[in-house]
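Just the heavy atoms: all of them, side chains too, but no hydrogens, waters or symmetry mates, feed the values below. Lettering of chains follows the sequences in order, A, B, ..., and the numbering in each one begins at 1.
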There are 2 protein chains.
Amino acid sequence: MKFAKLKNQLDLCIDQKNLRHSEQRYIILKALWEESDKHLSAEEIYDRVKQDEDIGIATVYRALKLFKSCNICKELRFNQNVSRYEIKYGTEHHDHLICVNCGKYIEVVDSKIEALQEQIAENHDFLLQNHKMELYGLCKKCQQEM
Amino acid sequence: MKFAKLKNQLDLCIDQKNLRHSEQRYIILKALWEESDKHLSAEEIYDRVKQDEDIGIATVYRALKLFKSCNICKELRFNQNVSRYEIKYGTEHHDHLICVNCGKYIEVVDSKIEALQEQIAENHDFLLQNHKMELYGLCKKCQQEM
DNA sequence: GTTGTTGCAAAAGGTTTGCATGTAT
DNA sequence: ATACATGCAAACCTTTTGCAACAAC
């Protein structure tokens, strides 16, 4: 997804709520977008953006809260300590392989699993509407570092 | 599950680790067990146990950490703020079929799915630690009522 | 000019830890 | 007697909030 499209989404939302278009929000959104293959935490976003600009951690949290309310990003909790954030791209993507250490994630699509899920629901007379599957573990890099 | 069985599980684990059998641990375990249809937080457990006995919140946290390491309970995070704990009965139960209307849930264990999950992790050089699969839909009863 | 936004520092809220005391073995 | 376990309070860590200065409209 192009950043311009994401920015546009944010601008729309800001207009709708009658808020102001601030440079900081764009910077924070861009950081999230640039590292969208990871799930950055607020702290990690802060570390990225404070280098170039003078942005406080409070602003990062406030921007993330705004993005959530705009449905631009989503808050996740893999381990007990830190919230991580991901950009919500258009459609839902249900299946993830997630590194519990660095937050890296890989989307997984496996038709055999999808079929089995359907089967399981059917066996219990459930009408399946949606699903979520998350596999937690250590990615290769984090395994080596430990 | 009878409390005696749970207590026994704890005793075994305590022996294995060469720790001491303390009354506080049993009291905390019992509180968790008595409210096992809820997911209590550390604070809620503390509120329950401090009435009868003089137990500190630190002891509750320490006991919960022990229980986790004994595989007797599991830490969950539904909302962003508080950890909640549930007793792990016997086998692992990661997979749920959840009715989006009435909240009913069924535990699902499917070895074919488990095997596929392992396979997927392996394909991506992940060391799998845990997983969560939730299938959302309408249960039979809610389908009929609609 | 008005009102939302920011950075800072202080506070909040949940969890952990240091320490002297207590207790199971 | 020797660790381990405890309660208390302080520390810790992430997140939120109050406030005066600032910036967008």
Side-chain angles (χ1 to χ4, degrees), chain A residues 7 10-32 39-70 73-85 100-101 103, chain B residues 7 10-29 31-32 39-70 73-85:
Chain A
K7 181 171 176 297
L10 176 57
D11 282 334
L12 267 163
C13 176
I14 286 173
D15 288 338
Q16 258 176 34
K17 297 183 186 237
N18 264 312
L19 302 177
R20 309 271 159 88
H21 300 258
S22 85
E23 199 51 40
Q24 284 92 332
R25 286 175 179 155
Y26 297 137
I27 291 167
I28 292 164
L29 184 63
K30 189 155 211 168
L32 204 55
H39 294 273
L40 294 183
S41 65
E43 200 74 35
E44 287 165 351
I45 294 169
Y46 175 60
D47 284 342
R48 274 186 70 87
V49 300
K50 75 176 176 193
Q51 296 170 355
D52 314 308
E53 314 288 330
D54 189 32
I55 292 182
I57 184 81
T59 300
V60 173
Y61 278 106
R62 286 189 278 233
L64 288 169
K65 187 171 277 182
L66 174 65
F67 299 168
K68 270 194 293 177
S69 81
C70 294
C73 86
K74 201 175 151 189
E75 187 173 357
L76 306 165
R77 202 86 167 197
F78 302 140
N79 70 56
Q80 305 319 118
N81 315 312
V82 195
S83 282
R84 295 184 166 277
Y85 299 84
V100 295
N101 190 52
Chain B
K7 180 171 177 297
L10 176 58
D11 282 334
L12 266 164
C13 175
I14 286 173
D15 287 339
Q16 258 177 32
K17 297 182 186 239
N18 264 313
L19 302 177
R20 310 274 158 84
H21 301 257
S22 86
E23 200 51 42
Q24 284 93 331
R25 288 175 178 157
Y26 298 137
I27 292 167
I28 292 165
L29 184 63
L32 204 55
H39 296 270
L40 294 183
S41 66
E43 200 74 38
E44 287 164 354
I45 294 169
Y46 174 60
D47 283 343
R48 274 186 70 88
V49 299
K50 74 176 178 193
Q51 295 169 357
D52 314 309
E53 314 289 331
D54 190 31
I55 292 183
I57 185 81
T59 301
V60 173
Y61 278 106
R62 285 188 278 235
L64 288 169
K65 188 171 277 182
L66 173 66
F67 298 169
K68 271 193 294 175
S69 80
C70 295
C73 87
K74 198 175 151 189
E75 187 172 357
L76 306 165
R77 202 87 170 197
F78 299 140
N79 71 56
Q80 304 319 120
N81 315 312
V82 195
S83 282
R84 297 186 164 278
Y85 298 84

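- When heavy atoms are screened at a 4.0 angstrom cut-off, Gln24(B) is found touching the sugar-phosphate backbone but no base atom.
- OP1 or OP2 of dT15(D) has at least one side-chain nitrogen or oxygen of Ser83(A) nearer than 4.0 Å.
- The listed nucleotides are dT5(C), dT16(C), dC4(D); the one nearest the side chain of Ser22(A) is dT5(C).
- When the P atom of dA23(D) is taken as reference, atom CZ of Arg20(A) falls 13 Å away, rounded to whole Å.
- Nucleotide dA5(D) holds its P atom 10 Å from the CG atom of Asn18(B), rounded to whole Å.
- With rounding to whole Å, Tyr46(A) atom OH is found 14 Å from dT15(D) atom P.
- In this structure, Phe67(B) places its CZ atom 13 Å from C1' of dA5(D), rounding to the nearest Å.
- The side-chain contact (heavy atoms from CB on, under 4.5 Å) test with Leu32(B) is passed by exactly one of Val60(B), Ile27(B), Ile45(B): Ile45(B).
- Ile55(A) comes within contact range of the sugar-phosphate backbone alone, with a heavy-atom separation under 4.0 Å but no base atom that close.
- Judged by closest nucleotide on DNA chain C, Gly56(A) is the one of Ala42(B) and Gly56(A) placed further toward the 5' end.
- Atom P of nucleotide dT15(D) and atom CD of Glu75(A) are separated by 7 Å, given to the nearest angstrom.
- Across all strands, Arg62(B) comes closer than 4.0 Å to base atoms (heavy-atom distances).
- Residues Glu23(A) and Tyr61(A) both approach DNA chain D. Their nearest nucleotides, taken by heavy-atom distance, put Tyr61(A) toward the 5′ side.
- Among the nucleotides dA5(D), dT25(C), dT15(D), the one closest to the side chain of His21(B) is dT25(C).
- Between the side chain of Arg25(B) and the backbone N or O of Arg20(B), at least one donor-acceptor pair lies under 3.5 Å.
- Here dA5(D) is the nucleotide among dA5(D), dT15(C), dC8(D) with the atom lying nearest to any side-chain atom of Leu19(B).
- For dA5(D), the base has no donor-acceptor partner in the side chain of Arg25(B) [N/O atoms by modelled type, under 3.5 angstrom].
- Between the CG atom of Leu40(B) and the P atom of dT15(C) there is a distance of 13 Å, rounded to whole Å.
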